[in-house]
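Residue numbers start from 1 in every chain, and the chains themselves are labelled A, B, ... in the order their sequence lines are given, proteins ahead of strands. FYI, side chains are in, hydrogens and waters are out, and symmetry mates aren't considered; it's all heavy atoms of this structure.
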Amino acid sequence: MTQPEVRESEAVVEQTPDEYQPELIEPAWREKWEESGLYRQEIERDRPKHYALTMLPYPSGDLHIGHWYAMTPSDARARYMRMKGYNVLFPMGFDAFGLPAENAAISRGIHPKKWTYENIARMRTQMARMGAMFDWEREAVSSDPQYYHWTQWFFKKLLEQGLAYRALASVDFCPQCNTTLAREQVWGEDRHCERCGTPVIKKEMEQWFFKTTEYAEELLDFEGLDWPERVKTMQRNWIGRSTGAEVLFRTEAGHEIPVFTTRPDTLWGATFMVLAPEHPLVDEIATPEQQAAVDAYQLQAERMSEIDREAADRPKTGVFTGAYAINPVNQERIPIWIADYVLMAYGHGAIMAVPAHDERDFEFALKFGLSILPVIERPDGLTKSYAMKGTMKEGFAAALDAEGIAYVEEGGSTYVTLAPERVADYVRVAQAHLQPGSWTEVVGTGWTFVFPDEWLVLDSLKNERRILARCRELEPAVRDYQTVMEMLWGLDFYRDALYHSDYGTMIFSGPFSGTPGDVAKERVTAWLAEQGTGRRAVNYRLRDWLISRQRYWGAPIPIIYCDVHGAVPVPNEDLPVTLPEDVEFMPTGESPLKFHAGFREAPCPICGRPSVRETDTMDTFMCSSWYQYRYLSPGYEEGPFAPEEGDYWLPVDQYTGGIEHATMHLIYTRFFTKAMRDMGLVEFDEPMLALYNQGMVLGEDNEKMSKSRGNVVAPDELVDQYGTDTVRLYLMFFARWDQGGPWNYAGIKGPRRFLDDVWSVATADYQPADVDEAASRDLRRKTHQTIRKVGEDLESFSFNTAVAALMELRNAIMDAQREQNISQVVWEEAVDDLLLLLAPFAPYITEELWQRRGHPYSIHTQPWPDWDEEVAREESITLIVQVNGKVRAKVDVPAGISNEEAERIALAEENVQRWLDGKKVRKVIVVPDRLVNIVV
RNA sequence: GGGGCGGUGGCGAAAUGGUAGACGCAGCGGACUUAAAAUCCGCCGGGGGUGACCCCGUGUGGGUUCGAAUCCCACCCGCCCUACCA
């Protein structure tokens, strides 16, 4: 394969000293590389391409060690691929829009643009020191108008495709300051405004969304992607596909309330309904008596953010609406409540509550005294395992009637109990057998009944009607349903008997009683469809992507609102809609664009009537969803990327970055690519074919690095002290790349000594004193084994073991140098190969030494050395001899000996014989070229 | 609560069914030096033995196997992500 840029060797640094001094050679080579265009990456149709991409940074200020940790191993692998003959694209850019720039503007009075571009300039020089093969001519910066021009263009394309829409969504709003607030501006438990301290409220505003849910099903398909299982699992969970049924409930007044359920087989156990507090029907159905309570609850729910609402261990709260619904399967009349554990954003914002088989509903029912009705038999028969058989008090056992129910009069009260097999049936039994009016509510298994004026909790499990609580005695403080239920809740027994979420045979479910659990869901769903009260349904946890941000420093949404024509997209010839720079940053939390008349006021593109622009900007995740395409041709003016570049380079072959982007960014960019495919822009389905996640470098204290902890490692200082190559090498050596770990300053000396040794052997004038053929063969073997090992390790991102293998080769070469018994040819091959193998890891020193050894520029365009299987093969191996699995001898034997021969040698060993003494050999296991295990 | 990752010398780590601790750091002994640093040579999991060797050892307890850090079951601990998704 042809390699570009092979030139005559020429001295880059005049008079370079004989010792390794990275501070002299590194800047010199950097200049030479740039001037010779070593890292220009252009289409070469006769070579296979490899698009290596590493996640682009946010220009936060300084390049920290985490950037080095993410980028330099990715760079080493890209360099390796280049030496393997691929035409490698390895670009870099900046994800430059975002909140920190705006915060800097507000707190320090620096314009976001100035802050951002100064940071980019600084980080670009810091990145240059890394010696990475970035092609800066392909740099893309998302806040450049020539970049966000196309971000806006994509917005319009998505709109045309029907994948963008406008809808009401709630934002945090401060009623005092009369402005929307970002999440970061809402403080404290009570969620008050950062500035004025007023509690914030949720306010509905028109915002733009992308229909990510349109691709939910396709996003679950990872076919052909070489991605970590972990990321795929996280995405699957994020998308959260559930199958079940949509069931139509009606209120007594006739309002339709559709609900989604994954458990249509539990429909007969629905004892109440719950609507999300913001459900549109709530105001219509609430009865006048309940209206005040409902209003109060809604107001309180509105003030809570979703995060607070979703804190799962919060106790359940809710309010009765006063309305009732009819269960379509059995016409039961069930109360309708509102509670914030039901989320408006999922399903239909309403649920049928089945407390016996849903833990949240169970908790809610206990708290508010709602009926609990098991309709699924426990698959494990646990209900029955609480049998009172033989322990039931005589009087009860004797009184059991044919249906397994007993009534005992005692001391003016009626005690009722059920045979254990009737436990699940208690409500029916009670309704059928107790006099109407003689009980108010049945709340337990067969062991718990509630009578008028006296709440009794009996424990018949222990063969006694022990009264656990008699509420009348506890009056007045605890005489309420909740107290009793909380007490019951503490008794695991009741919970076990009443609640489980397993599938099982249906009971007390009208015509479906007896339906086995494995087909129950399906049969009920089919029946619902027949009845016209429901249908099969799939629901996703994934929500549409809200892209509107009430912010300045982002790409403006290219929309003009006209009184007549509504939301009109800005015509292509007027793109980009540029951000005005003369804006004022007042700490209002409101986008300054809103107060910029020159920006805000614009004629309608259709009729020319004075109109207003959209002043919201786009979520920065939108900019980073398509950056891999912009790198191909960052200056291209006819579209987001030049088609001929796309044809050659796309898609990305290897993506590397942190696990923190497993869901958001990586789902968004997949969504984008699928939408682009449907727009006819690309012909593939997935943006990145392979993905690998690196770990994180922690501070020396094993904590996440942060300025406040004072444990931040500054790469620039390390480079000043040890040189770039040493820092790169150490980052790849000190931990497994996918795991990361705490930084350790002392350890960096190892890689530096290694490079000093490489320098010394590569500049040594080696003369063999006395050539030993066997020793020469040994070094040559080690060299070829190392070529194999380093290649394999780079393929699999095992940078640490690759560096270890290079150190081993260094050790072998230095031993040989001491002995001076290696042939000249083998020595030169070993040293040259060491440099070639090391080149992806330490680009500067290898370039320098390659030149000093008289080879043509550049080492980085040399082909990766080949290894010879014959040469790499071991001549002799250490045969391990075990007796009953314990090592008893080690023997050097020629490689490839027969099993019989190995067994013979093993048995002949003196120590082995001692262990075999007098015992009978039962079995001998021989693993070729490895070990012999003798079983006695 | 759910999902994931991990637990191996003084430390970072190798080894994914076959010699546990490759490679490196730190440490110890020696050489060089007036001395220190650097460099070079040697040792470096614990215990026993003059020695050949022996015993113990990969978070804990079981299991599978001729053989387990590695596979299976149960548990303990740490970290990360996620969280009322009906």
Side-chain angles (χ1 to χ4, degrees), chain A residues 228-231 233-234 236-242 244 259-263 266 274 276 307 309-314 316 339-343 345-354 357-361 363-364 501 539-543 659-660 662-663 695-696 698 702-704 729-730 733-736 738-739 741-751 753-754 756-757 760 798 800-811 814 818 877-890 910-911 914-915 922-936:
Chain A
E229 210 46 54
R230 180 158 59 133
V231 173
T233 303
M234 284 170 80
R236 276 189 207 105
N237 291 342
W238 188 263
I239 295 164
R241 182 182 201 272
S242 304
V259 302
F260 172 75
T261 177
T262 53
R263 293 295 302 273
T266 64
V274 186
I307 292 178
R309 268 181 69 165
E310 288 171 10
D313 41 3
R314 243 172 15 108
K316 295 277 177 292
D340 64 10
Y341 80 95
V342 173
L343 308 174
Y346 186 78
H348 295 93
I351 60 159
M352 64 172 203
V354 185
H357 304 293
D358 181 283
E359 192 167 8
R360 296 152 300 178
D361 298 343
E363 224 179 290
F364 194 80
S501 59
N539 229 309
Y540 299 93
R541 209 188 81 117
L542 184 73
R543 297 173 199 179
I659 188 72
E660 66 274 19
T663 47
M696 212 192 324
L698 303 172
N702 203 18
E703 299 283 338
K704 209 166 177 169
L729 216 45
Y730 183 55
F733 178 66
F734 89 101
R736 254 174 64 172
D738 60 340
Q739 254 162 250
W743 176 264
N744 177 301
Y745 281 98
I748 198 170
K749 285 184 188 163
R753 282 179 198 144
F754 168 62
D756 285 336
D757 291 342
S760 120
S798 303
N800 57 335
T801 51
V803 175
L806 290 167
M807 287 174 169
E808 281 188 57
L809 180 59
R810 172 268 315 251
N811 291 346
M814 292 190 76
R818 211 166 14 251
I877 52 113
T878 305
L879 188 71
I880 303 305
V881 186
Q882 298 180 330
V883 178
N884 284 346
K886 290 206 181 265
V887 180
R888 297 304 176 192
K890 302 174 186 182
E910 196 189 326
N911 198 41
R914 277 186 29 214
W915 284 93
R922 207 182 299 162
K923 199 168 160 192
V924 179
I925 287 142
V926 182
V927 181
D929 281 352
R930 269 239 144 101
L931 66 70
V932 177
N933 189 11
I934 301 159
V935 188
V936 294

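With sequence neighbours excluded, the residues that form a side chain to side chain donor-acceptor pair (under 3.5 Å) with A:D361 are A:Y341. In this structure A:R736 satisfies the salt bridge (Lys or Arg N to Asp or Glu O under 4.0 Å) test together with A:D738, sequence neighbours excluded. For the side chain to side chain donor-acceptor pair (under 3.5 Å) test, no residue two or more places apart in sequence or in another chain qualifies with A:R922. Residues passing the salt bridge (Lys or Arg N to Asp or Glu O under 4.0 Å) test with A:R230: none are found, sequence neighbours excluded. For the salt bridge (Lys or Arg N to Asp or Glu O under 4.0 Å) test, residues two or more places apart in sequence or in another chain that qualify with A:D756 are A:R752.
One interatomic measurement links the two molecules: CZ of A:R888 to C1' of B:rC55, which rounds to 10 Å at whole-angstrom precision. One interatomic measurement links the two molecules: CD of A:Q739 to P of B:rG12, which rounds to 12 Å at whole-angstrom precision. Distance A:L931 CG to B:rA68 P: 12 Å, rounded to the nearest Å. Distance, A:N884 CG to B:rC66 P: 11 Å, rounded to whole Å. Here B:rC41 presents its C1' atom at 12 Å from CE of A:M814, a figure rounded to the nearest Å. Atoms CZ (A:R922) and C1' (B:rG67) sit 14 Å apart, rounded to a whole Å. The distance between atom CG of A:L698 and atom C1' of B:rC5, rounded to the nearest whole Å, is 13 Å. Distance A:W743 CH2 to B:rA13 P: 14 Å, rounded to the nearest Å.
Both A:T801 and A:V887 lie near RNA chain B, and the one whose nearest nucleotide falls closer to the 5' end is A:T801. Between A:G347 and A:T233, it is A:T233 whose nearest contact on RNA chain B lies nearer the 5' terminus.
At a threshold of 4.0 angstrom between heavy atoms, the contacts of A:R930 are confined to the sugar-phosphate backbone, with no base atom among them. Base contact: A:F260 has a heavy atom under 4.0 Å from a base atom. Heavy atoms of A:N539 sit nowhere under 4.0 angstrom from any nucleic acid atom. Residue contacts shown for A:W915 are limited to sugar-phosphate atoms, with no base heavy atom under 4.0 Å away. Contacts of A:M696 with the nucleic acid, taken as non-hydrogen atoms under 4.0 Å apart, are absent.
More than 12 heavy-atom neighbours from other residues, nucleotides or ligands sit within 6.0 angstrom of CZ on A:R236. Within a 6.0 Å sphere centred on CE of A:M696, heavy atoms belonging to other residues, nucleotides or ligands number 12 at most.
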Grab the N/O contacts between the protein and nucleotides 23-25 of chain B below 3.5 Å, and write none if there aren't any.
residue	atom	partner	partner atom	Å
B:rG24	OP1	A:R810	NH2	2.8
B:rG24	OP1	A:N811	ND2	3.3
B:rC25	OP1	A:R753	NH1	2.4

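Figure legend. B:rA52 is base-paired to no nucleotide; pairs are counted as Watson-Crick or G-U wobble with both atom distances under 3.5 Å. For B:rG67, there is no paired base (Watson-Crick or G-U wobble, both distances below 3.5 Å). Checking B:rG61 for Watson-Crick or G-U wobble geometry (two distances, each under 3.5 Å) identifies B:rC73 as its partner. Base pairing analysis places B:rU8 opposite nothing; no Watson-Crick or G-U wobble pair with both distances below 3.5 Å involves it.
B:rG61: glycosidic angle beyond 90° from 0, hence anti.
Checking B:rG12, B:rG3, B:rG6 against the side-chain heavy atoms of A:F734 singles out B:rG12 as nearest. Here the side chain of A:K886 is nearest to one of B:rA86, B:rC53, B:rC56, namely B:rC56. Among the nucleotides B:rA86, B:rG6, B:rG4, the one closest to any side-chain atom of A:R230 is B:rG4. Relative to the side chain of A:K890, the nucleotides B:rG12, B:rC66, B:rU19 differ in distance, and B:rU19 lies closest. Minimum atom distance to the side chain of A:Y346 is reached by B:rA86, of the listed B:rG4, B:rG3, B:rA86. Closest contact between the side chain of A:I925 and the listed nucleotides B:rA86, B:rC81, B:rC66 involves B:rC66. Taking the side chain of A:N911 as heavy atoms from C-beta on, and the options B:rA13, B:rC81, B:rC54, the nearest nucleotide is B:rC54. In the set B:rC66, B:rC53, B:rG3, the nucleotide with an atom closest to the side chain of A:N237 is B:rG3. Here the side chain of A:D757 is nearest to one of B:rA86, B:rC40, B:rA14, namely B:rC40.
A gap of 24 Å separates the C1' atoms of B:rC25 and B:rG78, to the nearest Å. A gap of 31 Å separates the C1' atoms of B:rG4 and B:rG10, to the nearest Å. Taking the C1' atom of each, B:rC56 and B:rU8 are spaced 15 Å apart, rounded to whole Å. For the P atom pair drawn from B:rC80 and B:rC71, the interatomic distance equals 25 Å after rounding to whole Å. Distance check on atom C1': B:rG9 versus B:rC44 gives 10 Å, rounded to whole Å. Taking the P atom of each, B:rG62 and B:rU70 are spaced 14 Å apart, rounded to whole Å. Using atom P as the reference point in both B:rC23 and B:rC41, the two lie 14 Å apart (nearest Å). Across B:rG24 and B:rC32, the matching C1' atoms stand 25 Å from one another, rounded to whole Å.
Shortest non-hydrogen contact noted between A:G747 and A:N744 is N-OD1, 2.9 Å.
Using the six-membered ring where Trp is involved, A:Y730 and A:F734 have ring planes that are tilted, between 30° and 60° apart.
Between the side chain of A:D358 and the backbone N or O of A:A353, no donor-acceptor pair lies under 3.5 Å.
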